[in-house]
Visitor: 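Take a look at the following structure, please.
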Amino acid sequence: PFFNFNNMKSVGQIRKRTALIFLIPVTIVLLSSALYPLISTLYLSLTDAELENFLNPNYVGFINYIENYEGMWYGVLADSLFWNSVRNTLVFSIFSVSLEVVLGISFALIMLIENKLKWFVRAAVLIPWAIPTIVSARMFEWMLQDQFGIFNYMLIGMGILEQGKAWTTDPQTSMIVIIIIDAWKTSPFVAILVYAGLKALPNEVLEAGKVDGTNGITQFYYIIFPLILPAIAVAIVFRGLDALRVFDLIYLINAGSKDIMSMTVYARREMFEYSHFGFGAAASTMLTLIIGVIAVIFIQRTRLHKLDEME
């Protein structure tokens with residue numbers, strides 16, 4: 001029987017079977033709440049659903065994905081704007097997560113320092129994470145405003161600029177601004193995970209490094225960094241998946257720009273601005289597929305890396 005623990009050969013098997021039993025209810029709830037939206041979106045992407053026939057759409061197959069009509073290719077996969085949104089999403093994800101990891105590790109090391117201001121420092125690091133995204137976006141938008149923004153005021157005062165620059169609307173700088181805002185807001189999340197990993201390190205290992213006479217940089221690179229790598233990997237997975245589905249920050253900063261449009265903004269535009277629900281559902285399905293593939297590849301490579309270390 002499934003629940004017969006007397007047949008277990010070891011304590012490890014009992015723990016695994018117990019964990020499986022406790023995971024069953026959660027798995028059922030997650031599958032029931034996640035599968036229905038996924039299946040509904042997939043079905044909608046295979047129809048010609050628009051505003052006038054949303055309740056009774058016609059099945060059209062994969063036309064929303066790709067179609068050749070009179071020698072011309074149509075569909076999500078043939079739309080250059082979709083691939084531009086994919087590129088923007090990947091650029092945003094790679095650079096924002098990379099910057100967040102560097103800042104997060106730095107903040108975690110600062111938080112580890114024992115002094116009278118340690119509680120103040122830890123609270124200050126967490127403040128950006130507590131601020132809502134819309135507040136962060138509007139705050140930076142005003143700071144970077146071309147006429148009244150303090151950033152332009154300082155650059156003009158130092159002689160770097162002759163007149164104010166619209167940083168958030170310029171296609172050459174808007175993506176950089178969005179990456180900086182996202183890194184400022186979410187670096188504390190990485191810092192918390194890395195800080196937890198640092199606090200879990202055994203003091204004996206750190207003391208051994210000091211006895212060997214290693215300096216701070218060498219000690220961090222050869223001793224501390226390999227030990228906190230699992231915490232960093234978890235932070236990268238969570239932040240990477242979150243960055244790939246970015247919507248609010250890009251939409252708040254520059255919703256109408258096609259130059260910095262992400263995949264989620266693209267899907268939202270097709271569905272709710274143009275009322276092409278079938279086409280937008282196809283874009284959403286492609287977004288889910290791309291994120292899923294990237295997540296599986298990264299998690300698998302991380303798991304293989306751990307196995308190589310164990311061997």
Visitor: In chain order, what residues pass the side chain to side chain contact (heavy atoms under 4.5 Å, CB included) check against T27, with sequence neighbours excluded?
Guide: L23, L31
Visitor: Give me the atom names and distance for the closest heavy-atom approach of A191 to M111.
Guide: CB-SD, 4.4 Å
Visitor: For side chain to side chain contact (heavy atoms under 4.5 Å, CB included), just list the numbers for R269 and L81, CA-CA rounded to whole Å, side-chain angles, deciding distance to a tenth of an Å, and then say yes or no.
Guide: CA-CA 12 Å; R269 187 195 67 159; L81 187 58; 3.1 Å; yes
Visitor: Is V91 reachable from I180 through a run of hydrophobic residues whose side-chain heavy atoms are each under 4.5 Å from the next?
Guide: no
Visitor: Let me confirm one number: the CE-CG distance from M139 to L144, rounded to the nearest 0.5 Å.
Guide: 10.0 Å
Visitor: Kindly list each side-chain donor-acceptor pair under 3.5 angstrom involving residues 291-299, sequence neighbours excluded, with atom names and distances?
Guide:
none

Visitor: To which residues is I192 joined in a hydrophobic cluster, defined by side-chain heavy-atom contacts under 4.5 Å among Ile, Leu, Val, Met, Phe, Trp and Tyr, whether direct or through other members?
Guide: L126
Visitor: Using 30° and 60° as the class boundaries, would you call the ring planes of H276 and Y274 parallel, tilted or perpendicular?
Guide: tilted
Visitor: Does L287 share a hydrophobic cluster with I94, counting links as ILVMFWY side-chain heavy atoms below 4.5 Å and allowing steps through other members?
Guide: no
Visitor: Are L46 and I66 connected into the same hydrophobic cluster when the rule is that any two of I, L, V, M, F, W, Y join if their side-chain heavy atoms are below 4.5 Å apart?
Guide: yes
Visitor: Could you state the interatomic distance from CZ (R138) to CG (L252), rounded to the nearest 0.5 Å?
Guide: 5.5 Å
Visitor: Hey, could you give me the CD1/OG distance between I253 and S174, rounded to the nearest 0.5 Å?
Guide: 9.5 Å
Visitor: Which residues satisfy the side chain to side chain contact (heavy atoms under 4.5 Å, CB included) test with Y153, sequence neighbours excluded?
Guide: none
Visitor: So, the side chain of N84 versus the backbone of S80: is there a donor-acceptor pair under 3.5 Å, distance only?
Guide: no
Visitor: Main chain of Q147, side chain of N152: is a donor-acceptor contact present, judged purely on distance under 3.5 Å?
Guide: no
Visitor: Restricting to pairs with a member in residues 160-188, which pass ring pair (Phe, Tyr, Trp, His ring centres under 6.0 Å), not counting sequence neighbours?
Guide: F140-W184, F151-W167
Visitor: Taking G104's backbone N and O only, do any of them form a donor-acceptor pair with S187's side chain (distance below 3.5 Å, no angle check)?
Guide: no
Visitor: Report whether V60 and F279 are members of the same hydrophobic cluster (ILVMFWY, side-chain heavy atoms less than 4.5 Å apart, transitive linking).
Guide: no
Visitor: Which heavy atom of V190 sits nearest a heavy atom of V101, and at what distance?
Guide: CG1-CA, 4.0 Å
Visitor: Could you list all the ring pair (Phe, Tyr, Trp, His ring centres under 6.0 Å) pairs where at least one residue sits in residues 15-58, not counting sequence neighbours?
Guide: F54-F277
Visitor: For E273, give me all partners under side chain to side chain donor-acceptor pair (under 3.5 Å), at least two apart in sequence or on another chain.
Guide: R268
Visitor: Mind jotting down which residue pairs meet the ring pair (Phe, Tyr, Trp, His ring centres under 6.0 Å) criterion with at least one end in residues 99-124? Sequence neighbours excluded, please.
Guide: none
Visitor: What's the verdict on side chain to side chain contact (heavy atoms under 4.5 Å, CB included) for D248 and I134, showing C-alpha distance, side-chain angles and the deciding distance?
Guide: CA-CA 8 Å; D248 48 3; I134 187 171; over 6 Å; no
Visitor: What closest approach, in Å, do I250 and I260 show between heavy atoms, and which atom pair accounts for it?
Guide: CG2-O, 3.5 Å
Visitor: Looking at every heavy atom in both V76 and A283, which two are closest together, and how far apart are they?
Guide: CG2-N, 3.9 Å
Visitor: Tell me which pairs pass ring pair (Phe, Tyr, Trp, His ring centres under 6.0 Å) where either residue lies in residues 76-103, with sequence neighbours left out.
Guide: F82-Y266
Visitor: Which other residues belong to the hydrophobic cluster containing V26, where Ile, Leu, Val, Met, Phe, Trp and Tyr are joined when side-chain heavy atoms lie under 4.5 Å apart, directly or via other members?
Guide: L30
Visitor: Could you work out, with ring-ring contact (aromatic ring centres under 6.0 Å, His included) as the rule, every residue matching F247, not counting sequence neighbours?
Guide: Y251
Visitor: Indicate yes or no: at least one non-hydrogen side-chain atom of L289 is less than 4.5 angstrom from one of T285.
Guide: no
Visitor: Rounded to the nearest 0.5 Å, what separation is found between the CE atom of M175 and the CG atom of N88?
Guide: 4.5 Å
Visitor: Sub-3.5 Å donor-acceptor pair from the side chain of S275 to the main-chain atoms of F272, do we have one?
Guide: no
Visitor: Under 3.5 Å, sequence neighbours excluded: what are the donor-acceptor pairs made by side chains of residues 230-240?
Guide:
from, atom 1, to, atom 2, distance (Å)
R239, NE, E100, OE1, 2.7
R239, NH1, D242, OD2, 2.6
R239, NH2, E100, OE1, 3.4
R239, NH2, E100, OE2, 3.2
R239, NH2, D182, OD2, 3.0

Visitor: Can you tell me how far apart CG (L201) and CG (L112) are? Round to the nearest 0.5 Å.
Guide: 8.5 Å
Visitor: Transitively linked via ILVMFWY side-chain contacts under 4.5 Å: M286 with M271?
Guide: no
Visitor: More than 12 foreign heavy atoms under 6.0 Å from CE of M154: is that the case here?
Guide: no
Visitor: Assess, by modelled atom type and distance only, whether the side chains of N53 and D48 contain a donor and an acceptor separated by less than 3.5 Å.
Guide: yes
Visitor: When you measure from the side chain of T89 to the backbone N and O of M263, does any donor-acceptor pair fall under 3.5 Å?
Guide: yes
Visitor: Quick check against the 3.5 Å criterion: does K185 have a side-chain atom that pairs as donor or acceptor with the backbone of I131?
Guide: yes
Visitor: Got a second to check how far T168's OG1 is from M143's CE, nearest 0.5 Å?
Guide: 12.5 Å
Visitor: Is the CD atom of E52 crowded by more than 12 outside heavy atoms at less than 6.0 Å?
Guide: yes
Visitor: Compare every heavy atom of A183 with every heavy atom of S96, then report the nearest pair and how far apart it is.
Guide: O-CB, 4.5 Å
Visitor: Might you point out which heavy atoms bring I176 and Q172 nearest each other, and give the distance in Å?
Guide: CD1-O, 3.9 Å
Visitor: Just wondering, are more than 12 heavy atoms of other shown residues or ligands nearer than 6.0 Å to CE in M72?
Guide: no
Visitor: Does CG belonging to L42 count more than 12 external heavy atoms closer than 6.0 Å?
Guide: yes
